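In this text, all values refer to a predicted model and were calculated from it rather than measured experimentally.
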Amino acid sequence: MPELPEVETVRAGLANSILGYSVQAVEILDARSLKRNAGGPKGFKKEILGAKFQQVIRRGKFFWFPISKERALVGHLGMSGQILVRKPADVEDKCTRVILELSRGRSSKQVRFIDQRLFGGLYFDDLVLTSDGKPAGFGPEGRVEPLIPSSASHIARDLLDPHFDPDAVVEKMLTRKTGIKNVLLDQNLMSGIGNIYADESLWLAKLHYNTPAELLSKKKALELIELATDVLRKAVAQGGTSFDEQYKNVNGESGYFAVSLNAYGQTDEPCPRCGTPIRREAWSNRGSHFCPRCQKLKI
DNA sequence: AAAAGTACCTGCGCGC
DNA sequence: TGCGCGCAGGTACTTT
C-alpha cells in the first residue's frame, strides 16, 4: 500500500481498530519481514510481547506505534506490504509474514503483516528528537511528541504535515539540477509521494518528468507542490488507490482513487485534457506515464 | 551535496 | 499446461 494515501488509510484503520490492545503472542512466518530489527526475530518477539498500542503516527510512508518514551514499533510497507486486522478464526491470507495476536479484555484480534516482495517490514527502533523540535508526524488521536524513530529521522515532513513548509522546500527544489520527478520522489526533501502521485502531479502541472528542477520558476514550483498536496488529500479521502488484490485497507477493502487517475497506468488511453494517448516510458527501472502533448520537455 | 546506479524480492499476467 | 518475460504504489547503499 505504498504511497502516502495508502499508508494513511492503513494508519487510520489501525487507529480505529487496535488502540488499547496488547500483544499476547506473535507468529513469525517469514523472518525476512523483520530484517530491519536490530535484535533479530528473537529480539522482536521478546520486545513485542506485552506491548500495548496507544497511538499510531505517520510521516510520509513510515508509521509507528510509540511503545515507551524511548522505543517504537515501526512499520514500512515497501512496494507490496499490507496490514490486515482479522479475527483469529478468519481464513488465512496469502503472503502473510507475521501475525500479532492481540487482546483487550475479552476481545481478540490479529494484525497480519502481508508482503509479497518483502521490501517492507516491522522493527523496533529508538525514538529520537525531531530536528525542528516539532511534533514528529500525523496522529490525530492524541498529542504527537517531537519524537521520531531514528531510522526515519532523515525523512522530510510530508506534504500533508501541518508543519510542512512549502516555501523552504521550493527554495531547495530550485537548486536541483536533476529531473523534477526525481525531486518529487526525494523523501529527504518532501515525503509521501511515490510513482503514482508523482506522475499524477506532473500531469496536473503539465510538466515533463525530466524537466530540470532548477529551470522551474518559483511560482511554477509552488504550483506543483500545491497540486501534489491536493492530489494526496483527495486520494486520502477516497481511501487510496487500489488496482488489484494488494493495496487494501486494514479490513481488506479497496480504495477508490484509481478512477480519478489521469496519467498513471493509463498507457494508450486518451489524455483527459487533450485526447492524445498517454505514453509510458521506461524510467529509472520503472515507468513514467505522461501526455506527450500537454507535458512536453522544454529545456 | 547531489546524482546515478544497483541491490533487495516474489508473484502475477501475458504471449508463445 | 507450462515456461520465460516484463511488470509492480520503495528504500538503502555504494560510487562518482
Side-chain angles (χ1 to χ4, degrees), chain A residues 1-11 29-38 58-63 74-83 93-97 113-123 125 149-156 158 171-202 209-210 212-214 228 231-232 235-236 238-249 254-258 260-261 263-268 280-289:
Chain A
M1 289 250 157
E3 301 179 47
L4 185 151
E6 294 74 37
V7 180
E8 175 53 28
T9 300
V10 168
R11 193 211 63 78
L29 303 168
D30 195 322
R32 289 175 296 179
S33 290
L34 306 177
K35 57 177 177 262
R36 292 197 72 183
N37 195 62
R58 180 190 54 73
R59 176 186 289 216
K61 308 171 198 172
F62 284 79
F63 61 95
V74 188
H76 197 288
L77 300 174
M79 287 284 263
S80 54
Q82 273 185 277
I83 301 238
D93 296 287
K94 232 185 266 185
C95 296
T96 303
R97 310 300 189 184
F113 183 79
I114 288 143
D115 190 7
Q116 182 191 104
R117 296 179 71 185
L118 295 161
F119 292 162
L122 299 174
Y123 58 98
D125 199 5
S150 65
S151 55
S153 61
H154 63 291
I155 300 294
D158 61 63
E171 194 96 343
K172 287 185 201 162
M173 283 172 76
L174 298 180
T175 67
R176 299 290 186 88
K177 298 183 192 314
T178 190
I180 186 63
K181 182 165 172 179
N182 280 322
V183 174
L184 286 179
L185 293 173
D186 183 350
Q187 308 294 303
N188 301 316
L189 187 57
M190 60 187 123
S191 67
I193 299 178
N195 208 30
I196 295 180
Y197 300 103
D199 283 359
E200 290 304 300
S201 305
L202 292 168
Y209 60 90
N210 257 344
E214 61 176 358
V231 101
L232 292 178
V236 168
Q238 297 292 306
T241 301
S242 305
F243 301 127
D244 53 27
E245 280 313 298
Q246 287 169 84
Y247 318 111
K248 306 275 184 111
N249 69 14
S254 292
Y256 290 99
F257 195 72
S260 308
L261 295 176
Y264 186 88
Q266 308 303 305
T267 312
D268 297 332
R280 178 193 179 278
E281 284 182 2
W283 176 85
S284 226
N285 278 329
R286 50 181 76 193
S288 257
H289 310 75

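Judged by the 6.0 Å and 45° rule, A:Arg36 forms a cation-pi pair with A:Tyr123.
In this structure a side-chain-to-backbone donor-acceptor pair under 3.5 Å is missing from A:Arg32 to A:Gly121.
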Identify every side-chain donor-acceptor pair in residues 185-198 of chain A under 3.5 Å, counting partners at least two apart or on other chains, and give the distances.
residue	atom	partner	partner atom	Å
A:Asp186	OD1	A:Asn188	N	2.9
A:Asp186	OD2	A:Arg176	NH1	3.1
A:Asp186	OD2	A:Arg176	NH2	3.2
A:Gln187	OE1	A:Gly192	N	3.0
A:Gln187	NE2	A:Leu185	O	3.0
A:Gln187	NE2	A:Ile193	O	2.9
A:Ser191	OG	A:Ala156	O	2.7
A:Ser191	OG	A:Asp158	N	3.3
A:Asn195	OD1	A:Lys181	NZ	2.7
A:Asn195	ND2	A:Gly287	O	3.1
A:Tyr197	OH	A:Glu6	OE2	2.6
A:Tyr197	OH	A:Thr241	OG1	2.7

Q. Given Watson-Crick or G-U pairs with both distances under 3.5 Å, what dot-bracket string fits DNA chain B, with | for other-strand pairs and [ ] for crossing?
A. .|||||||.|||||||
Q.
I need a per-nucleotide contact map over nucleotides 11-16 of chain C, read 5' to 3'. Cutoff is protein heavy atoms under 4.0 Å; write B for the base, S for backbone only, - otherwise.
A. SS----
(Q) Return a single string for nucleotides 2-8 of chain B, one symbol per nucleotide in 5' to 3' order, where B is base contact, S is sugar-phosphate-only contact and - is none, cutoff 4.0 angstrom on heavy atoms. (A) -SS-B-B
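The nearest whole Å value for the distance from the CD atom in A:Gln266 to the P atom in C:dG9 is 13 Å. Rounded to whole Å, atom C1' of B:dG11 lies 11 Å from atom CG of A:Asp244. What separates CD of A:Gln246 from P of C:dG10 is a distance of 12 Å, to the nearest Å. When the P atom of C:dG10 is taken as reference, atom CD of A:Gln82 falls 15 Å away, rounded to whole Å. The nearest whole Å value for the distance from the NE2 atom in A:His289 to the P atom in C:dG9 is 7 Å.
Straight-line distance between the P atoms of B:dC9 and C:dT14: roughly 15 Å, to the nearest whole Å.
Separating the CG atom in A:Leu261 from the CZ atom in A:Phe243 is a distance of 5.0 Å, to the nearest 0.5 Å.
With a glycosidic angle further than 90° from 0, B:dG5 counts as anti.
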Show the distances under 3.5 angstrom between N or O atoms of the protein and N or O atoms of nucleotides 3-5 of chain C.
none

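With sequence neighbours excluded, no residue forms a side chain to side chain donor-acceptor pair (under 3.5 Å) with A:His76.
Between the side chains of A:Ser33 and A:Asp115, no donor-acceptor pair of N or O atoms lies under 3.5 Å.
Among the nucleotides B:dC9, C:dA8, B:dG11, the one closest to any side-chain atom of A:Arg280 is C:dA8.
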